[in-house]
Number of protein chains: 2
Amino acid sequence: MIESDELLSIRAAELYYEEDKTQDEIGSILTLTRWKVGRLLAQAKANGFIRIEIVHPRARRLPLERRLRETCGLTDAVVISATGVDDPDELQSRVAQAAADYLTALRPVPRTLGISWGRTLDDVALHLRDGWARDVDVVQINGGVSLNRRAGTAASTAVSIAQKAGGHATLLPSPAILERLETKQAIESDRAVSAVLDLAAGADAYLFSAGAADAGSVLVDSGYLTAEDVSGLVRRGAVGDVVGRYIDAAGAIVDPGLDERTVGLSLESLRAARLSIAVIAGAAKHAVASAVVGSGLCTVLVTDEETAVHLIEHHPPVQDSEGQRGTA
Amino acid sequence: MIESDELLSIRAAELYYEEDKTQDEIGSILTLTRWKVGRLLAQAKANGFIRIEIVHPRARRLPLERRLRETCGLTDAVVISATGVDDPDELQSRVAQAAADYLTALRPVPRTLGISWGRTLDDVALHLRDGWARDVDVVQINGGVSLNRRAGTAASTAVSIAQKAGGHATLLPSPAILERLETKQAIESDRAVSAVLDLAAGADAYLFSAGAADAGSVLVDSGYLTAEDVSGLVRRGAVGDVVGRYIDAAGAIVDPGLDERTVGLSLESLRAARLSIAVIAGAAKHAVASAVVGSGLCTVLVTDEETAVHLIEHHPPVQDSEGQRGTA
DNA sequence: CCGGCGCCTGCTCATATGAGCAAAGAATGC
DNA sequence: GCATTCTTTGCTCATATGAGCAGGCGCCGG
């Protein structure tokens, strides 16, 4: 008899959702009382037979956001719907749009915003509307100026975000990674650089992305690393990079020597920030996303549905290293 | 401003459908009146942003059924949901199940039911429950006994359907297709055969399927035709067979000579029937389905979603040759 | 065979939602 | 600049739906 109830609930659901009949009408069609129909419908929902989906490029997955916040200890999360999106560029674009929306709606409005650079950030800048905020100053938090074509976009990302908010951009006039430690120390002690780093360290909020550890990384693309360097890092456990620094699944620096030669905000500073927004999309970045979220590098994550599910399923991949920041 | 309304309607839909908030609550979250929220929700639905799907192997597509009935002039249609079903066997099985359900619910219960045979019908027989009806006699409407292994199932299909209804089966003791016209005429004049054909002609209802015109057909499988025969027929416009008779897209006999040698109910008798139920599933049978429905061979069609859409989109593929039977 | 227990049914009542309408606002033409 | 028309807004009222409860039914142990 329980099986016939299931079937009935399906018949009722068809009439209710597809034919827009009232429960009462369904009752007379199926010779049931209207309360029974209501119960069948509730049952169909509870059994998961009714699937409601919002199909729109800007649609979000609120329940996933909540679960992400709860299981990963984030203060906030934005998860965009990605059913039927197979093109990674389209996915990235949608997530970037969502990040732009998040920034725009962010209250209180940060006076200074620290940003990294890369394809994703560029995309976010593109999606921000003119006047998205008033007087927000932007400061780069990792090096990358003037090494090649790609570096140009690093500057333009920052400038574009700042301009659209009527603020101004402060660029970090330094390569991302230097060949010798001494050079790095020298450049860091230079007033022009250290002032920017100080500004970056005092930003009200950070916005950054992460790169997958593969040869397609912007760091390779920009000439800071070779494909061989990256595969070496991968062999040592690297899952990706954040503000130019390669981390393993636990969020720890993979190659301290390399890290020493990398100019920019330290991961500790990022972890200590009150508000740091990570924007990470795509299957290729599932591993980095895990590391970033699991090691507390961000307080807010903007991502796609699949990545969110991955993060939730692969639970807190790090034991308990979070906790400095409150769990809503 | 119309764009911001669209976005708002998506936000509202997320809160309404994913978070189960009341329109009033959504109103206070988005600082909108509750009526505005209601309108946004209605708008989101109207724009097709809200997709409600019933996920269940027995789920049907009522709106498609209606459209199918209306555009194709059927008295009834059953369309089963097939989203995410890629396995053709699974599809066939679900449609067969639906046909079995339809038969079971059919009122008035037919005293005699004429049936064809084949993989699909076999599947329908399998899905019928014991006691699906009381005292329904079953009669085969086309030949096919005792030529090979496959023929055995033809008999068992009929017997099974009859047994489960507590009635008895009458088999047509003849091959489906004979090699010589004289033999066919001789066998048809035999009392044992003609009596069955008379019974078949007087059945209250018919249940049949259709085969695609390819080498995988049961007629080839059973040895009545060779793969070459079939490709010859295809060259002459055949799209598939119904009760052993090959038809073209317009529902006309492709090879009158062959048809003359085929034993069983004529297509005219089928077209004249008050109740004839076709069970056709799968992409391979889209073309036959069109021919069957377009030429009025059935009054009721049981099929899958994709086939239904195909039929509706390829409109009445025949000019106006329907009309003998009332259009609801 | 009977009483107790728990589930299911059909109800009342409270709440949520949709239809229809009058007024406000925006857009247009004069 | 003003009147007209069309759209949008906030409402009232009717309807649809869900919560919660009392009675009835079957199931089980005694």
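Naming convention: chains lettered A, B, ... in sequence-line order (proteins, then strands); numbering from 1 in each chain. Nothing here was measured: the structure is a model prediction, and the numbers come from that model.
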(request) Given side chain to side chain donor-acceptor pair (under 3.5 Å), test S93(A) with H127(A) step by step and report yes or no. (result) CA-CA 8 Å; S93(A) 163; H127(A) 283 287; 3.3 Å; yes
(request) State plainly whether the residues E18(B) and R60(A) are in salt-bridge range, i.e. N to O under 4.0 Å. (result) no
(message) What I want to find out is whether R94(A) reaches E90(A) closely enough, with some N-O distance under 4.0 Å, to be called a salt bridge.
(response)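 Salt bridge flag = yes for E90(A) with R94(A).
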(message) Can you confirm whether R67(B) is buried at CZ, in the sense that more than 12 heavy atoms of other residues, nucleotides or ligands lie under 6.0 Å from that atom?
(response) no
(request) Rounded to the nearest angstrom, tell me the gap between atom CG in L32(A) and atom P in dC11(C). (result) 13 Å
(request) Indicate whether any N or O donor in one side chain lies under 3.5 Å from an N or O acceptor in the other, for D122(B) and T157(B). (result) yes
(message) Taking only side-chain N and O atoms of T33(A), does any of them lie within less than 4.0 angstrom of OP1 or OP2 on dT9(C)?
(response) no
(request) Between protein and nucleotides 16-26 of chain D, map the contacts as a letter string: B base, S sugar-phosphate only, - none, heavy atoms under 4.0 Å, written 5' to 3'. (result) SBS-B------
